[in-house]
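Heads up, the thing below is written out as structure tokens.
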Amino acid sequence: MSDVIITDKQLSSSAFSAVINAPIEQVDIAEWLFNLPEAEYQRCCPPDHISAGTTSTDDGKRMSINVEMIGKTLMVQHYVAEIATPSLCRMVSTSDAFTPNGRTRVQVIWTLSVKKIDANTCEYTNSVVAHPTQEFLDFIAVHGTPFEDAAAARQRDGGDHNSRETPLFAASIERRALARRVAGAA
């Protein structure tokens, strides 16, 4: 399989934000992401979120493995942390996409960030950008699907998914932050 990423083409891009009712000093996105229980991941976009876990690359970089449905495509995402801080995680995956026409691969860049609004609230942003691999371009060509049609479908389905998971991710991060504050006060 070809993992050559076509960076000058974009399949989709979406970003949604939601308020976290906790001080930014209590929020730690990396800690949340790499300790996210599978059941909590599933609650963050039912019924699309199927499974999640963490592991590492051979060279020790942290990874988040997510299995989810995006429209009619089952995605197995192998997110490697390029940045993993309390306020910013940039995760990059060459993801397996199991479509109704068969299996292919796409690159997905998932950026989770938080910025301070005031002393008691912050804004969480969930950004997802997908690029085709050469394998994906060959796959859609074999199936007679124009790139524009494939991109429009991914934009529609990915944007819908992101719009539904973002507020639920923010609520989960908020619960984790508030639990950390209580634990810190004990």
Side-chain angles (χ1 to χ4, degrees), residues 1-17 29-30 32-34 36 38 41-42 44-84 88-113 124-170:
M1 291 190 280
S2 172
D3 284 345
V4 174
I5 309 301
I6 312 301
T7 57
D8 64 337
K9 287 187 179 280
Q10 188 171 282
L11 280 168
S12 64
S13 177
S14 66
F16 293 92
S17 298
I29 295 174
W32 170 81
L33 179 61
F34 291 105
L36 184 64
E38 180 181 60
Y41 174 76
Q42 291 168 343
C44 287
C45 195
D48 295 356
H49 285 183
I50 298 166
S51 186
T54 58
T55 187
S56 62
T57 62
D58 283 345
D59 61 358
K61 291 181 183 174
R62 293 192 285 180
M63 289 181 69
S64 173
I65 307 295
N66 298 354
V67 180
E68 61 187 346
M69 291 297 295
I70 305 291
K72 295 179 181 175
T73 300
L74 176 69
M75 299 292 297
V76 179
Q77 310 198 93
H78 318 267
Y79 287 113
V80 177
E82 288 191 346
I83 301 169
L88 176 65
C89 288
R90 184 174 192 273
M91 311 295 290
V92 179
S93 172
T94 302
S95 300
D96 296 292
F98 295 86
T99 77
N101 290 326
R103 179 180 179 181
T104 188
R105 292 168 64 91
V106 297
Q107 182 198 58
V108 182
I109 302 169
W110 180 26
T111 306
L112 307 83
S113 63
Y124 170 71
T125 300
N126 198 63
S127 170
V128 181
V129 176
H131 294 280
T133 61
Q134 185 59 53
E135 177 184 334
F136 177 84
L137 295 177
D138 295 344
F139 176 83
I140 62 172
V142 165
H143 294 286
T145 304
F147 178 79
E148 295 74 20
D149 293 354
R154 173 66 194 209
Q155 182 65 43
R156 179 193 67 236
D157 296 341
D160 171 68
H161 180 89
N162 191 2
S163 73
R164 291 183 291 114
E165 75 183 356
T166 297
L168 298 174
F169 278 158

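Since the model is a prediction, treat every value here as computed from it, not as a measurement. We use all heavy atoms of the structure for the numbers below, so side chains are in, but hydrogens, waters and symmetry mates are not.
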Check [X] against [Y] and note the closest heavy-atom contact, atom names and distance.
X    : Y    : result
L137 : P132 : CD2-CB, 4.0 Å
T54  : L33  : CG2-O, 4.2 Å
I29  : C89  : CG2-SG, 3.8 Å
E135 : R103 : OE2-O, 4.1 Å
S51  : Y41  : O-CE2, 3.3 Å
L168 : C45  : CD1-N, 4.1 Å

Is it true that [Y] and [X] share a donor-acceptor pair across their side chains at a distance under 3.5 Å?
X    : Y    : result
S127 : T125 : no
Q42  : H49  : no
T99  : T73  : no

Test side-chain contact (heavy atoms from CB on, under 4.5 Å) applied to I109 and E82, step by step: CA-CA 10 Å; I109 302 169; E82 288 191 346; over 6 Å; no
Interatomic spacing from [atom1] in [X] to [atom2] in [Y] - rounded to 0.5 Å:
X    : Y    : atom1 : atom2 : value
Q107 : I5   : CD    : CD1   : 4.5 Å
N66  : S93  : CG    : OG    : 8.5 Å
Q155 : E148 : CD    : CD    : 14.0 Å
M69  : I50  : CE    : CD1   : 6.0 Å
S113 : Y124 : OG    : OH    : 7.5 Å

Step-by-step side-chain contact (heavy atoms from CB on, under 4.5 Å) determination, T133 to F139: CA-CA 10 Å; T133 61; F139 176 83; over 6 Å; no
Atom CG of D58: over 12 foreign heavy atoms under 6.0 Å: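 Atom CG in D58 is not packed in, count stays at 12 or less.
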Minimum side-chain heavy-atom gap L112-N126 below 4.5 Å: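 Answer yes - side chains close enough.
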Side-chain heavy-atom pair M91, Q77 within 4.5 angstrom cut-off: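 When only atoms from C-beta onward are counted, Q77 and M91 do not touch, as no gap falls below 4.5 Å.
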Ion pair check, R156 and D160, cut-off under 4.0 Å: no
Given 3.5 Å as the limit, does a donor-acceptor pair link the side chain of [X] with the main chain of [Y], or not?
X    : Y    : result
Q134 : I6   : no
H131 : K9   : yes
S14  : N162 : no

Test side-chain contact (heavy atoms from CB on, under 4.5 Å) applied to T57 and H78, step by step: CA-CA 10 Å; T57 62; H78 318 267; over 6 Å; no
Full working for side-chain contact (heavy atoms from CB on, under 4.5 Å) between D48 and R164: CA-CA 10 Å; D48 295 356; R164 291 183 291 114; 2.5 Å; yes
W110 and Y79 aromatic ring geometry - parallel, tilted or perpendicular at 30°/60° bounds: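 Rings of Y79 and W110: tilted, as their planes differ by 30° to 60°.
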